[in-house]
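Only one structure is covered here, and it is reproduced in the block below.
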Amino acid sequence: MGMKTSNEPTAKDFGKTEFRHQTENLDSIAKPLKSSISRRSFLGKSLAVGAGTIGAGLLANTPSARAANDVTPGDVAILRFLAAAEIIEADLWQQYNELGGIQDSEVPGGTGNEAYTEALEVLDEDMPVYVHDNTDDEFSHWHFLNAFLVSVGAQPVDLDAFRTLPSSAATGAQQIGRLTNLMHLNVDTSWYLRYRSGHNPDFSFVFPQFINISNRPAIPPTDLPAGSDEIQAIANTAAFHFCAIEQGGSSLYSALALGVTNLKVLRILLGIGGAEVNHFAIWHDKAGNAPAVTIPGSGGVRFPDFETLNGNEAKQNNLIMPEPCTFIDPALPVCSVIRPSSIAKAGAVRAFHAFTGSGLFNGQSQAFLNFISSLANAADAARRTL
């Protein structure tokens, strides 16, 4: 089905034991209108070629990499926060995969929820594959970052003591402790308008929400009827949450890279950050396929009919390429970039507040919040030294 081939685990596969245990554990827009034809084809080819070209150009012009023992305390602080963020992402993505992805030897755990999976497939028949592979990717980021920390004599991040939140009661979910809560999300949808605009949050421009998704589940709390408006609204919420998480990661890695000293660590951030950008691009494409559905009343949600937005360049669903925007200096020409990318708007502390504000940590202990906050502050305080 297009999934990555599985490798047999070895003693060097840092973190695999933990994984096996856990799984038993609206304004100005300048983009011209474009046809939706061949979006998937264009995404696949352009992302691969573009990322490879840019990465090669950057690395070809840098001095030789520092040795591993030259990793600075600031580099370690950045890597430790990112390891924590990837553990958090792996936790939420595992919940999505248990119910709406593919459960196999790469991402074991759960047995799937037919009604939820069918609702996701309304957006794209390949959604379970994408959910599976995104989950697998986040676990690889977590295990790699912790293993690298150990390799340079630094302390890895372990959040197992905080896996205390309940699981969904829907068929398919494992009944194990979780780090994250997907039952009462406030999903940021401002990214949808941001990437169609010539404005940039780094210059204090504030975008409104595209869709108001407040205190809504992104996975079914219990079994719900297949084909119902409620299960479809939950699947639509998940699709927009996928984007919110991955666009945040795209900005986070870009911002924290500015504080890295060691070139090997910089390579790590550029490499994993590029994968986050790829994830966001795929989910951005899929979110625009969400069907119109309304859950009335207090605590409800309304997803628009995207067909009615054709011709509106601030909202048309196939305008998924980043619109050129103000970057670095307003006096310079606009440029198509990830945004925001400043520490103030996209750094670790900002990411922590985005997590908490979204309801992702509802029910978590103060000790957990204090620990993640301390990691975030240390990461943002890192400064590049030469």
Side-chain angles (χ1 to χ4, degrees), residues 3 6 9 13-25 83-117 119-120 127-147 156-185 215-224 231 234-235 237-238 241-242 245 355-356 358-372 375:
M3 293 176 291
S6 176
D13 287 336
F14 185 92
K16 297 293 184 181
T17 301
E18 298 96 306
F19 177 56
R20 287 195 298 270
H21 173 72
Q22 174 192 341
T23 55
E24 289 167 86
N25 117 67
E86 295 293 351
I87 295 171
I88 289 165
E89 281 197 79
D91 181 86
L92 69 89
W93 276 107
Q94 182 179 348
Q95 294 180 67
Y96 282 129
N97 192 71
E98 288 178 11
L99 294 170
I102 294 173
Q103 305 80 38
D104 62 6
S105 60
E106 284 187 328
V107 188
T111 56
N113 184 280
E114 186 174 355
Y116 183 58
T117 302
L120 287 172
M127 288 288 273
V129 177
Y130 298 150
V131 169
H132 168 280
D133 282 2
N134 205 139
T135 307
D136 186 38
D137 290 352
E138 304 305 346
F139 273 97
S140 77
H141 296 166
W142 158 21
H143 295 152
F144 180 89
L145 288 168
N146 262 349
V157 178
D158 185 349
L159 300 180
D160 282 351
F162 302 111
R163 296 184 186 277
T164 59
L165 300 183
S167 296
S168 165
T171 298
Q174 295 188 98
Q175 296 307 304
I176 58 176
R178 312 289 186 175
L179 293 172
T180 58
N181 186 334
L182 298 178
M183 311 293 188
H184 303 279
L185 289 179
N215 196 26
R216 293 289 306 170
I219 55 175
T222 59
D223 287 335
L224 293 168
I231 195 70
I234 290 172
T237 296
H241 188 234
F242 298 166
I245 290 293
F355 281 151
T356 55
S358 73
L360 197 63
F361 296 153
N362 279 354
Q364 263 295 355
S365 67
Q366 191 61 48
F368 171 82
L369 298 176
N370 290 344
F371 180 61
I372 302 301
L375 292 177

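Values in this document were obtained by computation on a predicted structure and should not be read as measured data.
Nearest approach of Pro221 to Ile234, heavy atoms of both residues: CD-CD1, 4.2 Å. Contact between Tyr116 and Ile219 at its shortest, heavy atoms only, is OH-CG2, 3.7 Å. The minimum heavy-atom distance between Gly109 and Glu98, with the atom names listed, is O-CG, 3.4 Å. Summarising the geometry of Val131 relative to Gly101, their closest heavy-atom pair is CG1-CA, 4.0 Å, with the distance given to 0.1 Å. When all heavy atoms are compared, the tightest approach of Leu224 to Ala115 is O-CB, 3.5 Å. Taking both residues in full, the closest heavy atoms of Ala119 and Ala235 are given as CB-CB, 3.5 Å, listed atom of the first, atom of the second, then distance.
Asn97 and His132 are not linked by any side-chain donor-acceptor pair at a separation below 3.5 angstrom, with hydrogens and angles left out of the test.
Considering only heavy atoms from C-beta on, Leu179 stays 4.5 Å or farther from Leu165 through its side chain. Taking 4.5 Å as the limit, some side-chain heavy atom of Ile87 sits within range of a side-chain heavy atom of Arg163. Here the side chains of Leu159 and Ile88 are in contact, with some heavy-atom distance below 4.5 Å. Looking only at side-chain heavy atoms (C-beta outward), Val129 and Ile102 come within less than 4.5 Å of each other.
Rounded to the nearest 0.5 Å, atoms CG (Asn370) and CG (Leu375) are 11.0 Å apart. Here the straight-line distance linking atom CG of Asp158 with atom CZ of Phe371 works out to 8.5 Å at 0.5 Å rounding. A distance of 9.5 Å separates CD of Glu89 from CG of Leu360, quoted to the nearest 0.5 Å. Taken from CD1 in Ile372 to CZ in Phe162, the straight-line distance is 7.5 Å, to the nearest 0.5 Å. Atom CD of Glu138 is separated from atom CD of Gln94 by 12.5 Å, given to the nearest 0.5 angstrom. His184 NE2 to Asn362 CG: the interatomic distance, rounded to the nearest 0.5 Å, is 7.0 Å.
For the side chain to side chain donor-acceptor pair (under 3.5 Å) test, residues two or more places apart in sequence or in another chain that qualify with Thr171 are Asp223. Partners of Ser358 according to the side chain to side chain donor-acceptor pair (under 3.5 Å) rule, which considers only residues two or more places apart in sequence or in another chain, do not exist here. For Gln95, the side chain to side chain donor-acceptor pair (under 3.5 Å) partners at least two apart in sequence or on another chain are Asp91, Thr180.
Not less than 6.0 angstrom separates the ring centroid of Phe242 from the ring centroid of Tyr130.
Between the side chain of Thr117 and the main chain of Leu99, a donor-acceptor pair closer than 3.5 Å is present. Looking at Thr135, its side chain does come within 3.5 Å of a backbone N or O of Trp93 through a donor-acceptor pair. In this structure, His241 contributes its side chain and Thr237 its backbone to no donor-acceptor pair below 3.5 Å.
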